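Everything below concerns the one structure shown next.
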Amino acid sequence: SQYVELNLDPKEDTISGYTQITLNLAKPSTTFAFHSKGLIINSVKVLYKGQTLEAPYSAPNTFDIVTVSHPQIATFKGEAKLQISFTSHVRDNSNGLYRYQQGEQHYLFSQFQPMQARTLFPLLDEPSLKTRFRFRVTTPKHYQVLHSTPIAFTLEGRETQTFTFAETAKIPADVLALSVGKFDSINVDGLPMPSTFYTLPGKLEQAKDAIAMIKPLYQDLANYIN
């Protein structure tokens, strides 16, 4: 499982963050590894049975893999945690977390396929590795934050707001979704779960055809899978 904290402002270029990756070690290993692409790693700590170790780590290799090493890691078995503080950057192309501007409004949208979540935060970013993610996102007030799961609770500050989202199912990182901005929305009826369609302000009329297709597409996929 993985917990992720992000401080996001659509008008800013940099993103500060923190993440904790919980691992279940079936056998001893001399190293841990995670994916990181274009990130600044500020610190890496390893937690195991009440111990906190400051762990040295490598620069990313050709495959964006950072290796964490410590002599004591070889003695670990069972649950261990990687705690990583990092800085990432908003992108101007349609990969990772990227910026979009409409008039005076700024937006952030995610596109994590293929294997682009590693440009936003450190993680185990392989399609075959499925993880339960839990996100906590802080933004300036008056922005909406949309994510793969519903908001579990909100904390209001003087100038900021923090949204804690429900944990995802066990999924590959490619299918995570995250958006920040100001949106119009309309409920989508006829589905077995509460569903909402979001658009940029003033664009709901353009969404009608897509909304009309959602129910039959969902039913076709459900029939195919079942």
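Just the heavy atoms: all of them, side chains too, but no hydrogens, waters or symmetry mates, feed the values below. Predicted model, so just to flag it, every value in this text is computed and none were measured.
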Worksheet item: Mind checking who shares a hydrophobic cluster with Y100, ILVMFWY linked at side-chain heavy-atom distances under 4.5 Å?
Response: Y98, Y107, F109, L146, F183, Y198, L200
Practice prompt. List, by chain and number, the other hydrophobic cluster members for L155, where Ile, Leu, Val, Met, Phe, Trp and Tyr join if side-chain heavy atoms come within less than 4.5 Å, directly or indirectly.
Written response: none
Worksheet item: Between K141 and E156, is there a side-chain N and carboxylate O pair less than 4.0 Å apart?
Response: yes
Worksheet item: Salt bridge or not for K215 and D189, using N-O below 4.0 Å?
Response: no
Worksheet entry | Heavy-atom donor-acceptor pair, S148 side chain to A177 backbone, under 3.5 Å | yes
Discussion item. In this structure, would F34 and I171 fall into the same cluster of hydrophobic residues linked by side-chain contacts under 4.5 Å?
Written reply: yes
Practice prompt. Not counting sequence neighbours, list each pair that qualifies as a salt bridge (charged side-chain N to carboxylate O under 4.0 Å, His left out) and has a residue in residues 162-186.
Written response: none
Worksheet, complete the sentence: Sorted by chain and residue number, the salt bridge (charged side-chain N to carboxylate O under 4.0 Å, His left out) partners of K11 (sequence neighbours excluded) come out as none
Worksheet item: Can you check whether M193's main-chain N or O pairs, donor with acceptor, with S195's side chain at less than 3.5 Å?
Response: yes
Discussion item. Among residues at least two apart in sequence or on other chains, which ones pass ring-ring contact (aromatic ring centres under 6.0 Å, His included) with F76?
Written reply: Y48
Worksheet item: What's the verdict on side-chain hydrogen bond (donor to acceptor under 3.5 Å, both in side chains) for Q161 and T139, showing C-alpha distance, side-chain angles and the deciding distance?
Response: CA-CA 6 Å; Q161 54 192 354; T139 69; 3.1 Å; yes
Which side-chain N or O atoms in residues 118-125 pair as donor and acceptor under 3.5 Å with protein atoms at least two apart or in another chain?
{"residue": "R118", "atom": "NE", "partner": "M115", "partner atom": "O", "Å": "3.4"}
{"residue": "R118", "atom": "NE", "partner": "D125", "partner atom": "OD2", "Å": "2.9"}
{"residue": "R118", "atom": "NH1", "partner": "F63", "partner atom": "O", "Å": "3.4"}
{"residue": "R118", "atom": "NH1", "partner": "D64", "partner atom": "OD2", "Å": "3.0"}
{"residue": "R118", "atom": "NH2", "partner": "D125", "partner atom": "O", "Å": "2.7"}
{"residue": "T119", "atom": "OG1", "partner": "Q116", "partner atom": "O", "Å": "2.7"}
{"residue": "D125", "atom": "OD2", "partner": "R118", "partner atom": "N", "Å": "3.4"}

Worksheet item: By ring-ring contact (aromatic ring centres under 6.0 Å, His included), which residues pair with F112, not counting sequence neighbours?
Response: none
Response to the item:
Grouping ILVMFWY residues whenever side-chain heavy atoms fall under 4.5 Å, the cluster of Y18 otherwise contains Y3
Worksheet entry | Partners passing ring-ring contact (aromatic ring centres under 6.0 Å, His included) against F32 (at least two apart in sequence or in another chain) | none
Worksheet item: Hey, does the side chain of T75 reach the backbone of Q72 with a donor-acceptor pair shorter than 3.5 angstrom?
Response: yes
Donor-acceptor contacts, no H, no angles, side chain residues 201-213, under 3.5 Å, sequence neighbours left out:
{"residue": "E205", "atom": "OE1", "partner": "K208", "partner atom": "NZ", "Å": "3.3"}
{"residue": "E205", "atom": "OE2", "partner": "K208", "partner atom": "NZ", "Å": "3.3"}

Worksheet entry | Partner set under ring-ring contact (aromatic ring centres under 6.0 Å, His included) for H147, not counting sequence neighbours | F135, F165
Practice prompt. Evaluate the side-chain contact (heavy atoms from CB on, under 4.5 Å) criterion for residues Q83 and V44: first the C-alpha distance (whole Å), next the side-chain angles of each, then the deciding distance (0.1 Å), finally the verdict.
Written response: CA-CA 6 Å; Q83 293 185 335; V44 177; over 6 Å; no
Worksheet item: Who else is in the cluster with I225 when I, L, V, M, F, W and Y are joined by side-chain contacts under 4.5 Å?
Response: Y224
